[in-house]
Protein chains: 2
Amino acid sequence: MDMLNIGEAAKASGVSAKMIRHYEAIGLLPHAQRSNGNYRIYGPQEVHNLRFIHRARSLGFPLGTIRELLALWRNRQRSSAQVKKLALAHVAALEAKILEMQEMAAALKHLARNCHGDGRPDCPILDGLADPFAEKGKARNGSPA
Amino acid sequence: MDMLNIGEAAKASGVSAKMIRHYEAIGLLPHAQRSNGNYRIYGPQEVHNLRFIHRARSLGFPLGTIRELLALWRNRQRSSAQVKKLALAHVAALEAKILEMQEMAAALKHLARNCHGDGRPDCPILDGLADPFAEKGKARNGSPA
DNA sequence: ATGGTCCTTCCAATCATGGGAAGGTCAAGG
DNA sequence: CCTTGACCTTCCCATGATTGGAAGGACCAT
């Protein structure tokens with residue numbers, strides 16, 4: 001009745017076989033049942049679990065949080081507030097990283113904008129990395145000793 | 001003449017002592033000079049190198065790219081086009097990740113928006129993780145076996 | 001029975017960083 | 001002179017998620 005080995009479960013869930021074993025090893029998943037030949041076997045329920053993990057990962061949740069989400073998922077006494085809190089904390093973490101990277105990209109684009117990008121060695125990008133407060137007095141050598 | 005030990009160089013450059021040793025170990029930096037007591041000692045030039053690395057890291061450049069940037073920095077035959085290419089490739093990488101994370105955040109916010117976040121177990125966030133195509137027919141149990 | 005494809009376990013690498021142990025060095029002050 | 005405390009040295013290990021590979025067993029079809 002719908003018993004899949006690890007490769008089939010991987011295809012069905014989107015989680016690689018390597019990762020399925022890993023999740024089991026770190027206790028994110030219960031130990032899978034085994035066949036006579038010691039193959040892991042998965043039923044629809046386990047595949048459903050795997051898909052849940054796959055989607056949570058695709059939303060960027062770290063495994064520790066996924067562990068909590070799985071526990072809440074299984075717990076009918078949960079409150080939706082608990083789930084929402086985890087989700088919004090993750091949104092905040094994402095947005096913090098996004099902001100950080102946007103600042104990096106903006107700073108770099110600013111440096112690149114002033115770089116002619118031709119055959120000459122003169123380069124405001126290197127100058128900016130070497131000394132971010134130069135900026136104006138552009139006649140800095142751009143090479144260390 | 002301005003000789004600093006690793007802790008002082010760390011403070012002066014913003015790169016931790018741990019990381020300075022690490023960068024030396026992986027060949028990103030040349031082997032530092034040593035004092036009689038086998039302490040690493042750094043002059044202004046080395047500190048300048050460290051600051052360069054620190055700033056490049058703060059712009060998100062991976063160490064492999066920083067290795068290339070350092071080589072270009074030292075090479076007076078470089079063309080600014082080479083530098084600009086590395087910088088813009090990194091900008092593109094940043095923007096790709098930003099986009100990815102924005103999509104994650106948007107998807108999660110969409111799920112969270114429909115979650116009342118109270119004491120009841122009903123939770124569209126968990127439902128969305130369990131089955132992203134449910135969405136409308138909200139009466140799905142939200143718990144595995 | 002033989003090959004090919006799957007599975008098993010274990011070990012290691014990635015990327016950047018940090019923690020900590022065990023021991024050597026240095027400067028200050030009793 | 002000797003101790004104390006703050007620094008340094010090397011070495012190993014951990015993080016987080018994932019992937020790679022080796023060595024060997026299992027399964028299935030021909």
Side-chain angles (χ1 to χ4, degrees), chain A residues 3-29 31-42 46-47 50 52-70 89-90 93-94 96-97 100-101 104, chain B residues 3-29 31-42 46-47 50 52-70 89-90 93-94 96-97 100-101 104:
Chain A
M3 286 318 209
L4 308 179
N5 67 25
I6 201 172
E8 295 162 334
K11 269 173 211 156
S13 66
V15 179
S16 75
K18 274 282 198 203
M19 282 298 99
I20 297 176
R21 291 191 198 98
H22 180 60
Y23 293 157
E24 180 181 324
I26 65 173
L28 191 62
L29 293 170
H31 291 279
Q33 278 186 285
R34 299 295 185 125
S35 72
N36 289 340
N38 199 32
Y39 284 18
R40 286 171 181 82
I41 49 182
Y42 299 89
E46 284 74 36
V47 173
L50 287 170
F52 183 98
I53 294 175
H54 180 58
R55 284 186 205 110
R57 282 296 299 136
S58 79
L59 290 175
F61 282 105
L63 293 186
T65 307
I66 293 176
R67 197 184 293 264
E68 302 181 63
L69 289 171
L70 281 168
H90 181 50
L94 284 170
K97 278 206 178 166
E100 192 188 350
M101 298 178 81
M104 290 175 178
Chain B
M3 285 317 207
L4 308 179
N5 66 26
I6 201 170
E8 295 161 335
K11 270 173 210 156
S13 67
V15 180
S16 75
K18 273 278 198 207
M19 281 299 100
I20 296 176
R21 292 191 197 97
H22 181 60
Y23 293 158
E24 181 182 323
I26 65 174
L28 190 63
L29 293 170
H31 290 279
Q33 277 186 288
R34 298 296 183 124
S35 73
N36 289 340
N38 199 33
Y39 283 19
R40 287 172 182 81
I41 49 182
Y42 298 90
E46 283 76 35
V47 172
L50 287 171
F52 183 99
I53 294 174
H54 180 59
R55 286 187 203 107
R57 282 296 299 136
S58 78
L59 289 175
F61 282 105
L63 293 185
T65 307
I66 293 177
R67 197 184 293 265
E68 302 181 63
L69 288 171
L70 282 168
H90 181 50
L94 284 169
K97 278 206 180 166
E100 191 188 350
M101 298 177 81
M104 290 175 178

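First the proteins, then the strands, lettered A, B, ... as listed; each starts at 1.
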Could you tell me the separation between the [atom1] atom of [X] and the [atom2] atom of [N], rounded to a whole number of Å?
| X | N | atom1 | atom2 | result |
| --- | --- | --- | --- | --- |
| B:His22 | D:dT15 | NE2 | C1' | 14 Å |
| A:Ile66 | D:dG16 | CD1 | P | 13 Å |
| B:Ile41 | D:dC8 | CD1 | P | 13 Å |
| B:Asn38 | C:dC26 | CG | C1' | 14 Å |
| B:Gln33 | D:dC8 | CD | P | 17 Å |
| B:Ile20 | C:dG18 | CD1 | P | 12 Å |
| A:Glu24 | C:dT8 | CD | C1' | 12 Å |
| A:Arg67 | D:dA17 | CZ | P | 10 Å |

Out of D:dC7, C:dC7, D:dA17, whichever nucleotide has its closest atom nearest the side chain of B:Tyr39: D:dC7
Nearest atoms (heavy-atom pairs only) where A:Met19 meets A:Val15: CB-CG1, 3.7 Å
Does a nitrogen or oxygen in the side chain of [X] sit under 4.0 Å from OP1 or OP2 of [N]?
| X | N | value |
| --- | --- | --- |
| A:Arg40 | C:dC7 | no |
| B:Tyr23 | C:dT17 | yes |
| A:Ser16 | D:dT18 | no |

pair A:Arg40-A:Gln33: side-chain heavy atoms closer than 4.5 Å: no
Non-hydrogen side-chain atoms of A:Arg67 and A:Ile26 separated by less than 4.5 Å: yes
Whichever of B:Ile6 and A:Asn36 has its nearest DNA chain D nucleotide further upstream toward 5': B:Ile6
Residue mapping more 5' on DNA chain D - nearest nucleotide basis, A:Met19 or B:Lys18: B:Lys18
B:Ser35 or A:Glu8, whichever maps to the more 5' nucleotide of DNA chain C: A:Glu8
Atom pair CG/CD1 of B:Leu50 and B:Ile20 - distance to nearest 0.5 Å: 4.5 Å
Distance (rounded to the nearest 0.5 Å) between A:Tyr23 OH and A:Leu63 CG: 5.0 Å
Sugar-phosphate only, base, or nothing, as touched by B:Arg21 at under 4.0 Å among non-hydrogen atoms: base
